[in-house]
Amino acid sequence: MGMDIRLDGICHSYGDTDVLRDISLEIPTGQIVCLVGPSGCGKSTLLRLIGGLERPGSGRVLQLGAPPADSLNPLTFVFQDFALLPWRSVKGNISLVLEDHGIRGQRSKAIIDDVLKRTKLSDFADALPKQLSGGMKQRVAIARALAVNPAVMLMDEPLSALDAQTRELLMDDLVALWTRQPFTAVYVTHNLAEAVRLGHTIVVLSRRPGQIREIVRIDTPIGERRAGDPVCQTKHDLLWELMREEARAADEELIDG
Amino acid sequence: MRLNRRQTLGLMGAAAATTLAAPAIAQNRKIVVGALRFTSHSGSFIALERGYFNDAGLDVELKFFQAAQPMAVAIASGDVDYAVTAVSGGLISLADKGAIKVIGGALSEEDGIDGQKILASDAAFKAGLTSPSQLGGKTFGMSTAGSSFHYMGSKVAQAEGVEMSFKPLQKVGAIIGALKSGQIDAWSIVPHIAKPLAGSGAVHIIGNISDYLPGYQVTTVFTSAKNASDERGQTEDFLAGFGKGVSDYNSTMIDKAGGDDGVNEMVDLIHKYVYTDRPREKAAPSIINGTMRINEGARLNVASLKDQLEWFQSEDLVGKDITLDTLVDGSYVEIYEG
Amino acid sequence: MAETEAANRPNDDKPIEVRFRGGGFAPRSLRWVGVAVFVVLIGLIQWGTQSGWISALTLPKPSDVLATFVQLWESGLLFKHLQPSLTRLVIGAALGASAGIATGVLIGLFSYVRAGLVPLVAAIFPIPKIALLPLFVIWFGIDEGSKYALIAFGTFTPTVVATYGAVDNVDRSLIRMGQSFGLSWSSIVRKIVLPGAMPGILSGLRISLAIAIILLVAAEMLGAEYGIGAYILEAGSLYDLERLFAGVVILSLLGVLVSALIGLLEKRLLGWRV
């Protein structure tokens, strides 16, 4: 049992600026779909449309099948800037998303203990965000997302605010999480290495207005991909070829186009 | 500019009235005289308009104030040379600091002439406050603690053997508002304010201050301690000019020496300074109603001053060690005990 | 200048130490300087008044002010004056600040309220509240009502402005996070907007409460027999400089106390700030 997402002819614009044009896409259960593209191509906007934080200009976002019965928040975001409440402890940040569902006391504690264990944060339950490093903060955000048992995780450049080493470590953590219990995710990034490492499917968007340029599949199981792996390297190079021109053109555009 | 023109007009008027040649101005010393726009300050207005100050060799500039308190401070700071005001705790305190001296008397309570009235609010009146003997437990309006209102109210209460609470309201306007709306029960004030208020029905006159404080020296002439001790000539000149103005006022307004024509002429003169925002026909009754005797020759009732000083001391408003000599320089005018 | 030029010369092989130029512009905590300024100033005034170089009319002797203060304390009059003043301050400021915070939050949350009230608040803000005192006396009576109203009104407007500014400054990404987790509107307001606006609200409160103390004197202009403001006004009208300064010192201390209390509150509530 699972829930697929289908995008059906999504178009979107801000004022006179077209941001997305005719995006149709299938996000199957249990897979990670990466969205890559040059900056300003509308990939984050697309994620917000999927998550219902914005309304598409035209086209529809459809849920196919029911989310798991115990899913508190089927479509759950992980943000680039972590979006942790600085006045709540690690524990408090997670209980925040449970309180509204009436989960308190012992049940809440059980869930929090579980997600903290899965993200290796058990020792930091009472720490405040200001005491944590960037990587730890993002792990708290991921733990918070896991706590609501999402059907689909919507990850908006979750590693972009972190330094290279932390990014590597956290990628390993994400791979381990997925391997233990596969989840569905839409993963937005501008970093091709992340896409190649984590994506079952990689969707390349063109520069603004964003359109689907190419869909690349990688069949190597996520758990077996390694840096320097020839298949991954080939895919990485292919993606870079696809994106190079777009990225250059996007870079040379005036901001207000 | 305006004052200068007025001065010139005054000079011309004086010249016409006395059919004298343009007065020879010996020294023409410039002094500043402080005044409030009340009829009780008419002595200064008349002396200026009729050229009595010029005759005394003084070139007087009138400076107007909204209240007595800043005027006393202006004397202490040297911005104003002479002024007339009620005795208050502030005045005594400034004298104690060696800043000012009382040199003469002005307004007094006197038998047979309408003096200050005790007023009750309509609400309190209807509830039975019809005479000062019922003031017990009532609220009495005053500008500030240590003001002449505080003194009067306290003395009345003392004489009636009752206790009142005093509400400081800073300004006369605020007291009138509070009295009209029944926020306070009672107050005392000069007749030209008391009578129109009572006429409107919003307040009631329930007694006279003169019944409790006969001979009360309400206002005094005062100057800086420096003027009093070092500028003897100038101070005498000022008192001479001022005294003539007072004399004209008393003889015209109280003794009616010039008949109705005299009164009218005097009202015209005073109206240049008092109630200037009202047309003459509306101002005239208020000016005439407000007539109170101003002491001839600025003579000074030291018995009243002594009583006031002792009251302020008994209320712990001013220092206990202040003597009458600190407050008064009695060398300029006739001293009496009334 | 000469040194750096010399250092830049390529064929000069004598090493020159790089000149330090990063000083200043970094505030350090030097608490004793403030105390020293006070001590020197008061000492100077004491010496000046003692020697007659400053006349009794200009400034009172600091030692006399202290004596007046001690006398106030010993006679119990201090508390007779403080008690009504503090009551007025607490009730007035509590009314004004809570109404201000509520209004500010509503302005921050609802566009219609903002469009309707922001111009009104801007119109009310610059009115000297003292000018409205006679009106308040008619509306709320000459006793405590008008005093509470004046202080409440005076604290209300700055609190509103600080609060809606603080709500506007709450990190939008946190609100978006709340929405993305399906939090209810009231949960977002209670758990995200209000705590997020707290720093701005508290710093606004610092200003509002200082204004409340200023207005205390104004509020006690009409019909107050006891109170620090009434005491100061009475001292002013009696030209009693010792009492005037003693009263002013009490107000200053009150201001320091309020500021310290807010500091304490900030420490407790805003410990999460980086």
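Below, chain A is the first sequence line, B the second, and so on; all start at residue 1.
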Chemist: Which one, A:Val148, A:Leu96, A:Thr76, leads in non-hydrogen pairs under 4.5 Å with chain C?
Modeler: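 Greatest number of close heavy-atom pairs with chain C: A:Leu96.
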
Chemist: Tell me, for A:Glu54 versus chain C, whether the close heavy atoms (under 4.5 Å) come from the side chain, the backbone, both or neither.
Modeler: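 Contact with chain C is through the side chain of A:Glu54 alone.
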
Chemist: Have C:Ser173 and C:Asp171 got a donor and an acceptor in their side chains that come within less than 3.5 Å?
Modeler: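 Yes, C:Asp171 and C:Ser173 have a side-chain donor paired with an acceptor closer than 3.5 Å.
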
Chemist: Taking the basic N atoms (NZ, or NE/NH1/NH2) and the acidic carboxylate oxygens, is any pair closer than 4.0 Å for A:Lys91 and A:Glu99?
Modeler: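 Looking at A:Glu99 together with A:Lys91, the answer is no, because their closest N to O distance does not fall below 4.0 Å.
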
Chemist: Could you tell me which portion of A:Arg144 (side chain, backbone, both or neither) has an atom closer than 4.5 angstrom to a non-hydrogen atom of chain C?
Modeler: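 Both parts, backbone and side chain.
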
Chemist: Do the charged groups of A:Asp100 and C:Lys191 touch, with an N to O distance under 4.0 Å?
Modeler: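 Salt bridge present between A:Asp100 and C:Lys191.
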
Chemist: Under 4.0 Å between a Lys/Arg side-chain N and an Asp/Glu carboxylate O for C:Asp168 and C:Arg114?
Modeler: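 Result for this pair is yes, salt bridge flagged.
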
Chemist: In terms of heavy-atom proximity below 4.5 Å to chain C, should A:Phe77 be classed as side chain, backbone, both, or neither?
Modeler: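 Interface part for A:Phe77: both.
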
Chemist: Can you tell me if A:Lys130 has over 12 outside heavy atoms packed within less than 6.0 Å of its NZ?
Modeler: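 Yes, the 6.0 Å shell around NZ holds more than 12 heavy atoms from other groups.
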
Chemist: Taking only heavy atoms into account, what residues of residues 252-266 of chain C are found under 4.5 Å from chain A?
Modeler: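 The list, in residue order, is empty: none.
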
Chemist: Pick one of side chain, backbone, both or neither for A:Leu128, based on which atoms fall under 4.5 Å of a heavy atom in chain C.
Modeler: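 For A:Leu128, the contact with chain C is made by the side chain alone.
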
Chemist: Tell me, for A:Leu154 versus chain C, whether the close heavy atoms (under 4.5 Å) come from the side chain, the backbone, both or neither.
Modeler: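 For A:Leu154, there is no contact with chain C at all, as no heavy atom is under 4.5 Å.
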
Chemist: Heavy-atom distance under 4.5 Å to chain C: side chain of A:Leu72, backbone, both or neither?
Modeler: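 Neither; nothing under 4.5 Å.
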
Chemist: Would you say the ring centers of C:Phe38 and C:Trp32 fall short of 6.0 Å from each other?
Modeler: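 Ring centres of C:Trp32 and C:Phe38 not closer than 6.0 Å.
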
Chemist: Using modelled atom types only, decide if a donor and an acceptor are shared between the side chain of A:Asp156 and the backbone of A:Ser44 within a distance under 3.5 Å.
Modeler: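 Such a contact is absent between A:Asp156 side chain and A:Ser44 backbone.
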
Chemist: Chain C heavy atoms under 4.5 Å from A:Val97: which part of the residue, side chain, backbone, both or neither?
Modeler: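 A:Val97 touches chain C through backbone and side-chain heavy atoms alike.
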
Chemist: Counting only heavy atoms not in C:Arg273, do more than 12 sit closer than 6.0 Å to its CZ atom?
Modeler: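 Correct, the count exceeds 12.
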
Chemist: CZ of A:Arg107: more than 12 outside heavy atoms within 6.0 angstrom?
Modeler: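 Counting other residues, nucleotides and ligands, CZ of A:Arg107 stays at 12 neighbours or fewer.
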
Chemist: Please confirm whether C:Lys129 makes a cation-pi placement over C:Phe153, using NZ or CZ under 6.0 Å from the six-membered ring centre and within 45° of the ring normal.
Modeler: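 Output yes; distance and angle both within limits.
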
